[in-house]
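Report on one structure; see the data block that follows.
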Amino acid sequence: MIELKDLTKIYRQSSELSVKAVDRVNLKIKSGDFAVITGRSGSGKTTLLSMIGGLTKPTYGKVLIEGIDLWNLDDKTLSAFRNRKIGFVFQFPSLIPTLSVLENLIVPAVFSGVNLKTYRRAFTLLKLVGLAEKYHAYPHQLSAGQQRRVTIARALINKPEIVLADEPTSDLDEDTEREIMELFKQINTDATILLVTHNPELSVYGNRHFRMSQGKLTEL
Amino acid sequence: MTGLNKAKIFGITLAILGILVILTPHLIFPVCEYHGISATVILPPTYTGFVVTGGTATMPFKCYWMAWAEVAVGIPIVVSALMLVFIRRPETRKVLSLIALTLGVMVILLPTALIGTCPEPTAPCNTGTKPALLALGAVIVGISLSAFYTAGKEKTPYLPEILNTSSLVKQDIKGRALRSTLTIACIAVAVGSLFASSALMEGINHSIELQANKLGADIIVVPKGERESFEHLLLTGMLEKPFYMDRSVEEKLKEIPQVEAVTPQLYMVTLTEASCCAIWSVLLVGFDVETDFVVTPWLSTPLRTPLGRDDVIQGCYLLLPIGGETMFYGHHFKIKAKLEPMGTGFDAAIFIPMEGAYVMAEESYYKAEKPLEVKRGQVSAFFLRVKPGRYSVEDVATLINIKIPAVDTITSSNMFQTVRTQVSSILQTFFVTGGLLWGMATALSATVFSMMINERRREIGLLRAVGANKNYIFKLLVFEAVILALIGGVIGIVGGGSIVYFFNTLIIPSLDFPYIPPTLNSLGLTMGLSLCLAVATGFIAALHPLILVGKTDPYDLIRRGEI
Ligand SMILES: Nc1ncnc2c1ncn2[C@@H]1O[C@H](COP(=O)(O)OP(=O)(O)OP(=O)(O)O)[C@@H](O)[C@H]1O
Ligand SMILES: [Mg+2]
């Protein structure tokens, strides 16, 4: 279960100008939920997701996951938590350019221990995202959509309980978008999903739909 | 163990062996020419170690070229060995092993078939260098063969290694070739120049120290105006014009209460023209067996029986058989013992008990073609030891100058003054340049590291996002910087070593300075320090990314990489 309490992020852009990217968000999400968050560009969706994922420290407020106060953990525990419990799909290409597809996929497992099973799982996931033949390719040899799918596979390598996906289908054609959303539905059987998109139509894939506007979150 | 890991072990071993091949003929088992004053020592004609001075011609001999050829073979061995460590493709590694194999064969062939060594079987190149090189070559051949077979047996064309810190680092070093090369080059230049200058500095200091101490004397007393003749003699072993004074000076010296011990020496030289009597031109040193503290401490083995009147001791460069006979000015002498290398002109001298020397001089009037001018009761120099206490060596020297106007005094602090200033000014330039280069290299590699910061920031952010903690990232960055620094450091030391070698062989002889290379221990220490310096440079270069990672949220690291 994810619980947010007064979660706020204020960015100081200059000495007099500061931006409330996320403004006192309160939210409860049960295990197994598929939450779709829509909102205009700059409304704070990424910031919210990244605070939940332990990647951006809130200005104040709390993120509780299974009752654990995420931002009260020390760096080591928080890192391990990110590694085991959370899979993050970034808004932009996020593969390591010097590593092959397979190696990129394995990276999160490096921090929890790699064994032969990891490789089997990596190949299963590559099949799932339809890139089994591309395991030896390097990121620059893939299309944007293929890169995105590798990123999704990477997010799943450690069997996370929570998957945070930030615009996973932007810049993809409709057919691929549908395929990927179906993929997330499939993933949803094992994991709680928070998916951010600017396309309100995608809310049909989730069981809960939120809207973000100027840092405020409302459930629709 | 996987084939890849085996290849790494082979590669590292080969690299070490390659370095040994480079070092062996120069430092570990130096070939003949390395003992310093080669250019001026007159050697028996049979001894074709490094130089034979026939009149003015000086030419290097086989083992000298062989030593250089081994360097030329050793460097590619190190390079291909390091490639063996870093390259994954079995096919490439097969080729590299073959190259190493060929080079290993070259290591063996150079001192045997291709160039060879000196004909003299007891010369250092034959007793030390050659066997060592043969052994090294054999091991290199063996290891390259094993590396070749392991690489050949690997069948899996591609199975990614299990990722760990070191393979991530390796990917990064390979993936950012420009940055890696630049950093390595910077560090290599800096470490190389600093290593070279400090190794040389050490060598010079070591030599001066030895020079001053090896005589075991605090003060040397010579006839007035003969300072330079004496220094020249000490440096080169050549006596241009004999100088003598009366032995009665000894009594006056002994009267000075601060003088602890006095021993006289007498310098003469055989004549090359006097072919009937002397075998070759050589410095003859008469010394007082009773009071001596200058010569006998250098004996390579202690004397079993006391020296008789006609028993002589030979310096380390002379290769007369012990127990054999020789003749100077018509007088027969028996070779009784040999000295350790002193690094002075005395290394090519024959030491004769004072009484024997006088008898030889007296007999020379009717036995030799040209008689010796020295008379019984004359000596060339006195070596003095000063009692420890209230008066410094300089005080005592001044006292002697006042009391005995007919003599000059030489103390270790004023010995070789001109050479010292000459050498130290060269070295200062070297050292300052080295320091500047190091500063530049540090700044440059730090810049290179920071230049790549956007890409790294993003990559580090990503690693953080998928579970790497700060500690891991620190290790990653430091590990990478340190590996680059170490590679640079090793290259620098090899390069700096070549500079030292160049300096030793080309510049030092022209300075007329009895240079003794620093001991292996101190050289090892300098190497260690240079590597530490390299690692420190790596740390400094990695500092900026380190600080950044420490204080930035993972997402901000990634986001800033977007630009
Ligand atoms: N590191 C930062 N420093 C300053 N301001 C920031 C920073 N990150 C985000 N912001 C600001 O916070 C607000 C929310 O940004 P955020 O990236 O969360 O929006 P978003 O909803 O994800 O937009 P998009 O749909 O375009 O991705 C924006 O106004 C942005 O300018
Ligand atoms: Mg966004």
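Residue numbers begin at 1 in each chain, while the letters A, B, ... track the order of the sequences. Just so you know, these numbers come straight off a predicted model, no measurement behind them.
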Sequence neighbours excluded, every pair satisfying ring-ring contact (aromatic ring centres under 6.0 Å, His included) that has a member inside residues 65-88 of chain A: Phe88(A)-Phe90(A)
Close approach to chain B in residues 147-160 of chain A, criterion heavy atom under 4.5 Å: Arg154(A)
Contacting moiety of Thr118(A), where chain B heavy atoms sit under 4.5 Å: neither
Side chain to side chain contact (heavy atoms under 4.5 Å, CB included) assessment of Ile187(A) paired with Thr189(A): CA-CA 5 Å; Ile187(A) 294 164; Thr189(A) 52; over 6 Å; no
Option that, when pairs with chain B are counted at under 4.5 Å, heavy atom only, ranks first among Leu55(A), Leu95(A), Asn83(A): Leu55(A)
From OG (Ser97(B)) to CG (Leu84(B)), nearest 0.5 Å: 5.0 Å
Listed partners of Arg82(A) passing salt bridge (charged side-chain N to carboxylate O under 4.0 Å, His left out), at least two apart: none
Qualifying salt bridge (charged side-chain N to carboxylate O under 4.0 Å, His left out) pairs, either residue in residues 12-22 of chain A, two or more places apart: Lys20(A)-Asp23(A)
Test item: Phe92(A) and Arg458(B) side chains (from C-beta on) under 4.5 Å apart, heavy atoms: yes
Audit row: Gln91(A), Thr46(A), side chain to side chain donor-acceptor pair (under 3.5 Å) steps and yes/no: CA-CA 8 Å; Gln91(A) 189 174 359; Thr46(A) 299; 3.1 Å; yes
Region of Asp74(A) in contact with chain B, defined by heavy-atom distances below 4.5 Å: neither
